[in-house]
Amino acid sequence: MRDRPEVAVNEVAEALPARVRAARARLAAALSTEDAYDVAVAQDELDDAVRLARRHGLDVEATGADER
């Protein structure tokens with residue numbers, strides 16, 4: 001028996017691009033403050049979001065700290 005509600009695959013696929021966009025925004029904000037720790041955390045979040053999106057067959061492009 002599951003304690004969590006069922007989530008449709010379409011809902012996940014729709015949420016992932018938003019997660020990637022949010023992660024990109026956090027990375028941009030971190031880069032603007034030039035805080036190395038915040039940049040690393042934000043880059044990890046973006047990498048994770050892109051990986052999950054690609055795993056679900058979504059075409060997202062990762063842009064990161066190395067593309068300033």
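All figures in this text were calculated on a predicted structure; none of them were measured in a lab.
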**Student:** Please report the shortest heavy-atom distance between Leu58 and Leu16, naming the atom on each side.
**Tutor:** CD1-CB, 3.8 Å

**Student:** Which atoms form the tightest heavy-atom contact between Val20 and Val50, and what is the distance?
**Tutor:** CG2-N, 4.1 Å

**Student:** I need the Asp47 CG to Leu52 CG distance, nearest 0.5 Å.
**Tutor:** 11.0 Å

**Student:** How close do Leu46 and Ala23 get, heavy atom to heavy atom, and via which atoms?
**Tutor:** CA-CB, 3.6 Å

**Student:** When rounded to the nearest 0.5 angstrom, what is the spacing between CG in Leu31 and CD in Gln43?
**Tutor:** 8.0 Å

**Student:** Once salt bridge (charged side-chain N to carboxylate O under 4.0 Å, His left out) is applied, do any residues pair with Asp48, and if so which ones, sequence neighbours excluded?
**Tutor:** Arg19, Arg51

